[in-house]
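Down below is the structure, laid out as structure tokens.
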Amino acid sequence: MKKFCYETQYDVIVAGGGVSGTVAAIAAGRMGAKVLIVEQSGYLGGALTGCGVGPMMTFHAGEKQVIRGIMEEIVERLKNDGYSTGHIYDTMQYISYLTPFNAEGLKVVLDEMTEEAGCQVLFHTFIGGAECEGGRITGLTVCNKDGIHKLEAAVYIDGTGDGDVASFAGAPMTKGRESDGAAQPMTMNMKYVNVDTAAIKNHIRNHIEDFSRHQGNEELMDTVSRFSFCGFQEEFRAAEARGELEIKREDVLCFETDRPGEYIVNTTRIIEHDAVNAASLSDAEVVGRRQCRQLDRFLRSHVPGFEHALLEFTGPSVGVRGSRQLSGKYTLTAEDILKRREFDSVIAHSAYPIDIHNPKGLGTDSRFLSEKGTYYSIPYETLYCEDITNLLVAGRCISASFEAQAAIRTTPTAGTLGHAAGVAAALAAQAARSAAGAEARCYGEVAKVDVKELQRHLVAQDAFLDLKE
């Protein structure tokens with residue numbers, strides 16, 4: 001029998017194999033770092049493969065693509081393998097482009113890319129604690145089929161989404177809305193096949209006055225290869241009044257995947273639950289499945305095209321929009337986003353709007369950049385804090401205000417933040433080795449990374465950075 005084993009010491013350990021963590025690991029591995037990904041599920045991809053989240057939104061600012069690099073490489077590989085349509089117009093024009101994909105295909109593509117980058121992956125492994133000494137992490141306590149043990153690295157990347165490692169290490173954190181600590185609602189996604197897209201489009205055309213997001217964009221229903229829609233507000237309110245729905249939301253939101261007739265339904269709303277409280281998170285799963293059952297009955301009765309649809313699955317896990325945030329060297333704010341503040345230390349751009357689902361129930365607050373086709377910047381200082389010297393965070397738990405986090409939390413942005421974190425971690429680990437010798441116990445200080453060098457590496461790896469000379 002083939003012997004399988006893993007080591008206990010690495011240059012970089014990435015906690016969490018979601019999109020941000022996986023891209024970070026790929027980036028660090030390609031820089032020559034010895035990398036380990038610790039992931040609690042049995043596959044990579046995080047919310048996209050484990051929570052039914054899709055499509056990817058968005059790589060673009062109007063017609064300009066502002067997220068490239070490893071994230072774009074993932075899309076190209078999905079396209080080449082027949083797992084994605086690539087970037088297509090959003091039929092609702094909430095954003096300019098979105099990117100449907102096949103979740104099962106994404107699992108395989110990420111497996112291949114991490115292996116090619118020389119990364120090792122430990123699936124079915126939970127992180128239970130972080131040991132610290134002198135303001136740096138000296139090891140992570142993990143639990144898996146081998147029991148409870150310790151893993152060590154020069155640099156650690158927290159890609160858990162919830163900031164678990166940062167919190168365990170004692171880094172300063174915030175949680176939820178500044179005024180009351182409330183988080184955006186969780187959502188249990190659903191996925192259907194055999195949905196009659198033609199019936200949905202026909203209904204929208206005949207009742208266009210009821211579908212505000214499609215008004216003025218009707219031609220996209222016929223010119224775009226995959227369909228997305230939002231509406232059925234009156235039907236939704238009536239079902240709530242009859243006691244058929246307990247979902248505190250105002251409409252139905254659906255996205256067709258790469259497979260014609262397969263739709264993700266992003267409509268449940270689980271309010272007043274805490275993603276970093278085990279009991280609350282467990283209850284959220286139950287509430288989510290109950291809402292999915294109610295919604296399934298509603299869709300079959302009131303949404304044309306779903307009469308003969310087949311429900312593939314719910315979840316499998318509840319989707320979390322936000323929980324803990326690092327209080328980093330710099331905290332990104334809504335003003336930074338809306339005024340498009342420029343940073344000398346920029347490591348990523350995005351154009352996704354501030355998109356806040358009401359923590360208490362009905363309503364979604366969307367705030368867009370004032371000029372169409374423009375984008376904002378995210379600085380390196382949002383990825384680390386001064387308290388823990390060898391820790392970087394990536395994805396939705398970076399240092400951002402509640403409002404700013406509602407803009408940077410989506411897949412392409414999380415992925416491009418991971419790209420920057422991975423390159424920075426590799427540079428910090430390289431500096432530590434050079435200073436202390438390859439055999440010595442050493443730790444990488446992420447705040448000392450030369451940001452200009454980091455930017456040069458990112459640009460060389462085809463990441464988009466709007467650098468001012």
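Owing to the predicted nature of the structure, the values given are computational and were not obtained by experimental measurement.
To the nearest 0.5 Å, atoms CD1 (Ile88) and CZ (Arg226) are separated by 7.0 Å.
No option in Thr187, Asn358, Thr364 other than Thr364 meets the side chain to side chain donor-acceptor pair (under 3.5 Å) test with Arg269.
Looking at Glu72 and Gln65, their side chains do bring a donor and an acceptor atom within 3.5 Å of each other. Counting only N and O atoms by type, the side chains of Tyr94 and Ser366 include a donor and acceptor under 3.5 Å apart.
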Residues Glu116, Arg77; criterion salt bridge (Lys or Arg N to Asp or Glu O under 4.0 Å); working and verdict: CA-CA 13 Å; Glu116 290 164 8; Arg77 292 179 71 143; 2.9 Å; yes
Run the ring pair (Phe, Tyr, Trp, His ring centres under 6.0 Å) check on His203 and Phe232 step by step: do they pass? CA-CA 10 Å; His203 178 85; Phe232 297 95; 5.3 Å; yes
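Counting heavy-atom neighbours within 6.0 Å of Ile148 CD1, excluding the residue itself, gives a total of 12 or less. Surrounding NZ of Lys34 are more than 12 heavy atoms belonging to other residues, nucleotides or ligands, all under 6.0 Å away. In this structure, Arg300 places its CZ atom where more than 12 heavy-atom neighbours from other residues, nucleotides or ligands lie under 6.0 Å away.
Taking the six-membered ring for Trp and thresholds of 30 and 60 degrees, Phe211 and His214 have ring planes more than 60 degrees apart, a perpendicular arrangement. Using a 30° and 60° split on the angle between ring planes, Phe227 and Phe229 fall in the parallel class, below 30°.
Aromatic rings from Tyr97 and His87 are positioned such that their centres are separated by 6.0 Å or more. For Tyr10 and Tyr156, the gap between ring centers reaches or exceeds 6.0 Å. Within the 6.0 Å centre-distance limit, the rings of Phe464 and Tyr375 are counted as a close aromatic pair.
In this structure, Lys191 forms no cation-pi arrangement with Tyr263, as its terminal cationic atom is not both closer than 6.0 Å to the ring centre and no more than 45° off the ring axis.
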